[in-house]
Amino acid sequence: MNILIFLVPIALGLGLTGLCAFLWSLRAGQYDDLEGAALRPLSDDDLGR
Amino acid sequence: MAQAIDYSIFVRHDGPLAEMDLAVEGVGCAGCIRKIEGGLKRVPGIVDARLNFTSRRLAVQWRDRDIDAGQVLGALERIGYHGHPFATADAEADDTRHAKWLLRCLAVAGFAAMNIMLLSVSVWSGNAGDITQETRDLFHWLSALIALPTAAYAGQPFFQSAWRVLRLRKVNMDVPISLGVILALGLSLVETINHAEHAYFDSAVMLLFFLLCGRYFDHAMRQKTRAVAGNLAALKSEMAHRFDGSEVVTVPVAALRPGDRVLIRPGDRVPADGTVINGVSEIDDSLITGETEKRAVGPGATLYAGSVNFAGTLSVKVTAAGSATLIDEIERLLEGAVGAKSRYVRLADRAARLYAPVVHTAAAMTAAGWLIAGASLHDAIVVAISVLIITCPCALALAIPAVQVVASGALFRAGLIVNSGDAIERTAEADTVIFDKTGTLTMPDPCVQNRANVPPDVLESAARLALSSRHPLAAAVAREAISKMPFDGASEESGRGVRALVDGAEARLGSAEFCEIDPAELSASHNAATSLIAFSHGDRRALFTVSQSLRPDAIAVARRLRALGLELAILSGDRAEAVAPVADALGLASWQAGLKPAEKIAFIEHMKAQGRRVLMVGDGLNDAPALAAAYASISPISAAHLTQAQADAVFMGERLEPVLDAVLLSRRARTLMRQNLWLAVAYNAIAVPIAMAGLVTPLIAAAAMSGSSILVTLNALRARTGSVPGRRPSLAAVQKVQSA
């Protein structure tokens with residue numbers, strides 16, 4: 001059961017990383033325009049440069 | 001437009017940079033994003049442009065010394081889009097902040113629920129196998145380490161709300177939720193310290209997670225509809241011509257201050273309350289009083305925001321601007337009427353009032369029963385708390401918000417923006433519908449009545465000529481135009497009409513004498529409820545009668561509402577001769593005309609005293625107090641601002657159908673709410689005896705909680721489809737919402 005000493009912190013660490021990433025993306029405004037984000041890749045105006 | 005418009009009220013400054021938000025019309029596809037952003041960024045001086053496709057809003061940033069707000073709008077216009085400057089209302093900004101906070105709470109609760117469940121499943125399977133005491137304690141302590149900070153953070157929405165109502169000595173659903181969470185965590189902590197087998201950290205956090213989901217979706221739905229309402233308000237926002245010294249500057253109405261002098265031309269809407277300094281004219285007060293006959297005004301007369309100037313140019317001193325615009329009598333009546341609605345107790349709170357005492361008594365009796373049966377104090381308390389945990393009102397608290405979210409989505413697609421959370425319940429309970437006439441049963445703008453008696457080519461030339469005029473009567477004729485191309489070289493003579501050379505002969509549209517119409521013909525077609533506008537082209541003459549006409553589906557909607565068992569009535573501020581034909585067409589026996597706002601309220605109070613629940617549908621400023629006094633209320637999007645603010649829901653488009661949809665959808669939603677409450681009761685009826693018998697383990701608690709929540713949510717989804725039998729939501733309304 002000594003393996004728990006590694007596994008539990010790793011599991012919690014991964015979860016916390018996910019939470020931090022979500023909170024960062026929320027703060028960065030990634031969820032402000034969900035429909036627009038889906039359509040933006042369709043425009044080709046970055047190719048000509 | 002020849003005049004520069006002063007937009008400074010909408011512009012935010014940040015050093016050398018200026019920024020403005022615009023609501024953009026006509027954004028519909030992916031190409032629009034590229035066209036707008038790319039096109040604007042190519043304009044020298046514009047630093048950044050970002051279109052939010054979800055809310056149809058554009059944020060533009062530019063260097064102040066190179067370009068100004070008017071030029072930015074001009075650039076957007078050249079790309080082919082119409083932008084409306086936009087100031088985010090405080091309420092909307094608060095909403096956005098609150099939604100982000102809820103989402104953060106939800107994220108924290110979700111993270112915690114997953115990790116604690118990971119630990120709990122290990123303990124449950126270990127309990128059935130060979131887990132050691134030390135490992136179990138370690139897992140319980142780890143759970144506590146995650147659960148306690150999580151509850152302290154993500155539980156705030158519930159704790160705050162519970163504390164607020166407790167201080168008012170009331171109970172809402174958040175009180176038992178908060179109590180359940182705190183007790184579950186407290187008990188688990190004590191059990192962990194005592195090396196016990198069971199802890200309920202997972203139940204407490206999962207409860208928070210489920211409830212936050214419900215709460216977030218509820219909020220997100222309301223925020224979405226509010227954003228659409230905000231855009232529509234920006235699209236509607238009007239300009240005023242203000243005197244700066246001797247010069248006239250065009251400014252947004254929001255920039256007006258009391259004491260300003262404004263110029264009101266024929267066809268303009270009065271931008272703010274004021275007194276006439278000079279000029280004479282006729283004023284259409286129908287948005288204020290419902291009266292369709294024009295009022296003659298001269299120096300010293302009082303004007304109200306929202307009226308339309310028909311005849312001459314007026315110079316007016318502003319007495320009250322912006323949201324301060326209010327007629328004294330209406331303000332006084334409103335104060336009295338608003339209290340009525342706040343007395344309504346929501347279905348969920350009614351359930352909570354019953355629920356909290358029953359559950360808490362059951363828990364106390366369980367503890368007493370086990371003590372009498374000889375159990376230790378510790379065991380009795382553990383069982384009593386497990387009763388509280390298992391009844392913890394997860395399903396009960398989701399039962400109503402879940403339906404509300406789905407139903408307001410369905411209402412939104414039907415063209416209705418719901419303002420208040422309990423509007424759906426109240427609309428469903430209405431048994432009488434009272435309509436205002438002007439602008440509610442009839443279209444907000446007048447239209448040509450005798451188009452069948454006029455040769456089509458004459459109507460078309462008159463309509464195309466009318467495109468060059470600003471007069472409201474001409475605007476009604478202009479709507480008949482098939483080709484929207486105005487004639488070249490048309491000139492307007494103020495107070496008389498508009499003329500142009502068409503096919504070698506002069507065409508005129510305006511007053512009868514301007515078009516040389518025979519006075520005998522004139523008196524034959526005259527009638528108090530209609531206005532006349534004349535047309536001449538060479539030697540051809542035509543006389544158009546213009547008046548307010550019924551909304552296209554008003555008769556059908558009235559019939560279907562009656563078929564649903566609702567009683568209908570009309571209360572109008574207009575004259576009896578104008579109301580009678582409408583009541584007749586709709587087949588209504590019950591109508592009253594010439595009512596003042598106070599009389600409308602008196603009528604509603606009278607209905608209330610008879611035990612009736614009145615759904616009021618109205619648009620005028622004179623309807624605002626009646627809307628506030630009624631049990632539930634709806635107003636069209638063309639209504640006065642103040643009136644819309646009092647209404648529970650606002651409907652879009654020319655059709656009256658959304659009122660019918662509101663009744664049908666909210667009745668269905670209410671049925672589902674009740675079903676859900678009964679599902680929650682049924683769940684408790686099974687779970688509580690098990691808990692009282694002391695047989696509940698954390699595993700059973702977790703399974704029961706998620707099972708009942710999912711059941712209730714799935715049932716709520718039925719509010720979405722098959723809602724209105726035999727009919728899909730009106731396509732026009734959907735398109736209107738999307739393009740807004």
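In the text below, chain A, chain B and the rest are named by the order of the sequence lines, each starting its count at 1. Model, not experiment: these values are computed from the prediction.
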So L12(A) and I146(B), side-chain contact (heavy atoms from CB on, under 4.5 Å) or not? Walk me through it. CA-CA 9 Å; L12(A) 289 184; I146(B) 305 169; 3.6 Å; yes
I need the R34(B) CZ to L39(A) CG distance, nearest 0.5 Å. 12.5 Å
Which pair of heavy atoms, one from A11(A) and one from L118(B), lies closest together, and at what distance? CB-CD2, 4.1 Å
Proximal component of N52(B), with respect to chain A [non-hydrogen, under 4.5 Å]: both
Could you pull out all residues at least two apart from F22(A) that satisfy ring-ring contact (aromatic ring centres under 6.0 Å, His included)? Y31(A)
Which value, rounded to the nearest 0.5 Å, describes the distance between I33(B) atom CD1 and D33(A) atom CG? 6.5 Å
Between CZ of F139(B) and CG of L4(A), what distance do you get to the nearest 0.5 Å? 4.5 Å
I need the residue from M114(B), E134(B), K100(B) with the largest number of non-hydrogen atom pairs under 4.5 Å to chain A. K100(B)
Look at V8(A), L23(A), L16(A) and state which one has the largest set of heavy-atom pairs under 4.5 Å with chain B. L16(A)
Tabulate below the donor-acceptor pairs under 3.5 Å that side-chain atoms of residues 35-46 of chain B make, not counting sequence neighbours, or state none.
unit_1 : atom_1 : unit_2 : atom_2 : d
E37(B) : OE1    : R40(A) : NH1    : 3.0
E37(B) : OE2    : R40(A) : NH1    : 3.2
E37(B) : OE2    : R40(A) : NH2    : 2.9
E37(B) : OE2    : L51(B) : N      : 2.7

Identify the two heavy atoms, one from L34(A) and one from T54(B), that lie closest to each other, and give their separation to 0.1 Å. N-OG1, 3.3 Å
